Structure formats: C-alpha cells, structure tokens
Undergrad: 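Please find one structure pasted underneath; my questions will follow.
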Amino acid sequence: GMGMDPGVSDIFARYAHDQLFDEIDEIGVRDGAALTAEGCDFFPTFSIYDTIDECTDPALIWEKERGWYEVEPFSEPETFDFPEGIGPLTVVNVEHEEVALIPRYIPCRRVTFKYGLDETFLNVMKTIKLLGLHGTKPINVRGQQVVPVDVVAALVPDPAELGEKLKGKTCVGTEVTGSRSGKKRHVFLYQSYDNEVSMKKFGLQAVSVQTGIPPVIAMELIAEGQWGGRGVFGPEAFDALPFLEKMKDFDFPYGMIEYE
C-alpha cells in the first residue's frame, strides 16, 4: 500500500531504522483524529467497506519470538496523546497491513497497529458484527436477495460528500522505541492535516489528501530512478530520505516528537 497508512507510516518506520536507532524494540503505527461532521453522530472518513473489514476481522500483531498472530479487534486499549491539538485518544488493535509488511524489511522486536476510535464508533462496529451486518453473502429479505454490508453502506454518510461538513484534524504516525548509542530512545514521526486547509487547497477532505499525495511522490521517485527494483515491494523496502524530502516540495510536512 502507498497511501498514508500503509504507505507513509511504513516510510517513517524505515527512516527510524536507518537514521534514528541502532536497535528497535517496537514499531507502533497510530492513527487518530479529532473530526466532527455537522449533523452526523456516526460517519466513516473512508470506505465503509474497508472500515467494517478492518474493525470486524481479527487484528494482527508481529513479535520476533512468535511471528504473526491474531488478537481480538479493539483489544489492548491504551491512551495515546496525538499532536497538533488532537490530544489524547483511546487507541485499540485493528487489522492493518503495516503489521504484515514492516517486519519483512525492518529488524525489530514487535509491530502493532492501533486506531483511535471513540465509544460511539466502537459500539456501532460491535453492533454491526453482532447482527451479522458485515456479511458479504446475499440473504433473502421478503423475496429479494440483499447483501447485509451493502445495506449498511447505503445508510451511512458517504465520505466523499462529507468534506464541507468536517471540522478538525487527522493524524497518522509511527511510534518507535529502542536505543541509540546505548541510550533508550522513543519517538513519534507523524503527518497531520487540517480538513479546513484541505478543502481550501484541493476541495477534498483531509483523509483523501493524506491518501492521494503519497502515491504521487512515490511515482516521481520511481520515474527518477530513486526507487525501483524487480518484483513487488512495499514502501518500507526503499530509502526513506528521498520521500521525506519530496514531502516538503508537496507542502505535505511531517513532524517528529522526541520523548524523554
């Protein structure tokens, strides 16, 4: 994947490995937002089909001594303090591709992905699963064949039409712990976007901008010969520095927090 996550999140992990750490204990991708939508109590900011898949499938964790293993979705809740004014959110385990991709190229001891979800969102997803509304096989409803998840998709707000209603910021980042020169180190590399800014600049909501800019940068790097190879590669397989430099050119800045 070459969007924001997976994509830039993997590049942050590669940058941390190459430039910031001698040894890495854990790489944890963290995705959170402080977004509201006028007139909407529940709303997805990207495909409801992907959202339901990620939130109802078992989550994945990778550990050096154990390999990949599954855990319950929404397990291991913890509070993560997101930057750019978003603040503390409860993040939970959710199925995501970074956990499958990052350990293939970046030596570490553990990889996780956690998503910041509020109580309303969690309850809606749990109810969808409980009632079987995440199902993809047609069922008979009064003589009509209906796919349960299609009914959900038809009822929830369309993310593509939410842009003008959304207020606030979104943030995706990669938290890394380990050591450098014999000393413990803990950083969070992130990219945050304000929905008001994204609407003014592009006429698109913030999540769409975060998803759309990274593949354009990647295509430039491939066209210039800075990234390449024979076969199928994820972004964590390549040098992160050229990508991070081009983020500045695209007015798509990243930040880094160094924790004590």
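The shown structure was predicted, so the numbers you read here are calculated from the model rather than taken from an experiment.
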Undergrad: Just so I know, are the side chains of F74 and K126 near enough to count as touching, which here means a heavy-atom distance under 4.5 Å?
TA: yes

Undergrad: Got E38 and L166 here, is their nearest side-chain heavy-atom distance under 4.5 Å?
TA: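 Sidechains of L166 and E38: no contact.
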
Undergrad: Heavy atoms only: give me the nearest A100-R104 pair and the separation to one decimal.
TA: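 In this case the closest contact between A100 and R104 is O-NE, 2.8 Å.
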
Undergrad: Between R14 and E236 (salt bridge meaning N to carboxylate O under 4.0 Å), is one present in this structure?
TA: no

Undergrad: Identify the heavy atoms of P235 and G7 that sit nearest to each other, and give their distance.
TA: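 Nearest pair, atom of P235 first, then G7: CG-O, 3.7 Å.
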
Undergrad: Taking it one step at a time, do Q205 and T45 satisfy side-chain hydrogen bond (donor to acceptor under 3.5 Å, both in side chains)?
TA: CA-CA 8 Å; Q205 55 124 312; T45 55; 5.4 Å; no

Undergrad: For T112, run the side chain to side chain donor-acceptor pair (under 3.5 Å) check against H96, R30, E98 and tell me which one passes.
TA: R30

Undergrad: Do D5 and F113 touch side chain to side chain, with heavy atoms closer than 4.5 Å?
TA: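 Result yes, sub-4.5 Å side-chain heavy-atom pair found.
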
Undergrad: Does E196, at its CD atom, have more than 12 non-hydrogen atoms belonging to other residues, nucleotides or ligands within less than 6.0 Å?
TA: no

Undergrad: Tell me, yes or no, whether the heavy-atom count around D41 atom CG, taken from other residues, nucleotides or ligands under 6.0 Å, exceeds 12.
TA: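 Incorrect, the count does not exceed 12.
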
Undergrad: So which atom in G178 and which in D25 form the shortest heavy-atom distance, rounded to 0.1 Å?
TA: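 Smallest interatomic distance, heavy atoms only, reads CA-OD2, 3.6 Å.
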
Undergrad: Using 30° and 60° as the class limits, which term best fits the ring planes of Y254 and Y15: parallel, tilted or perpendicular?
TA: perpendicular

Undergrad: Walk me through whether F243 and V8 qualify under side chain to side chain contact (heavy atoms under 4.5 Å, CB included).
TA: CA-CA 9 Å; F243 188 97; V8 180; 3.9 Å; yes

Undergrad: For a quick test of reading the model, state the closest non-hydrogen atom pair linking I86 to L89 and the distance between them.
TA: CG2-CD1, 4.0 Å

Undergrad: How close do G229 and F233 get, counting heavy atoms only, and between which atoms?
TA: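 Looks like C-CE1, 3.7 Å.
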
Undergrad: Heavy atoms only: give me the nearest A13-I102 pair and the separation to one decimal.
TA: CB-CD1, 4.0 Å

Undergrad: Mind running side chain to side chain contact (heavy atoms under 4.5 Å, CB included) on K169 and L35 for me, showing each step along the way?
TA: CA-CA 6 Å; K169 293 181 179 181; L35 289 171; 5.8 Å; no

Undergrad: How about CD on E164, more than 12 heavy atoms from neighbouring residues, nucleotides or ligands closer than 6.0 Å, or not?
TA: no

Undergrad: Taking side chain as C-beta onward, heavy atoms only, is I257 less than 4.5 Å from V187?
TA: no

Undergrad: Mind checking whether F46 and E54 have side chains closer than 4.5 Å, heavy atoms only?
TA: yes

Undergrad: Donor-acceptor check, side chain of R180 to backbone of L20, threshold 3.5 angstrom: yes or no?
TA: yes

Undergrad: Parallel under 30°, tilted from 30 to 60°, perpendicular over 60°: which one fits the rings of F188 and Y190?
TA: parallel

Undergrad: Could you tell me whether D251 and K201 have a side-chain N and a carboxylate O separated by less than 4.0 Å?
TA: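 Result for this pair is yes, salt bridge flagged.
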
Undergrad: Is a donor from one side chain sitting under 3.5 angstrom from an acceptor on the other, for E258 and H186?
TA: no

Undergrad: Start with the C-alpha distance between E70 and L60, add both sets of side-chain angles, then the distance that settles side chain to side chain contact (heavy atoms under 4.5 Å, CB included), and finish with yes or no.
TA: CA-CA 5 Å; E70 294 180 343; L60 196 63; 4.3 Å; yes

Undergrad: Side chains of K114 and E76, heavy atoms from C-beta outward: is any pair under 4.5 Å?
TA: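 SC-SC contact between K114 and E76 confirmed.
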
Undergrad: Is there side-chain contact between P242 and D239, with heavy atoms separated by less than 4.5 Å?
TA: yes

Undergrad: Under 4.5 Å between any side-chain heavy atoms of Y259 and T177, yes or no?
TA: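 Answer no - side chains too far apart.
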
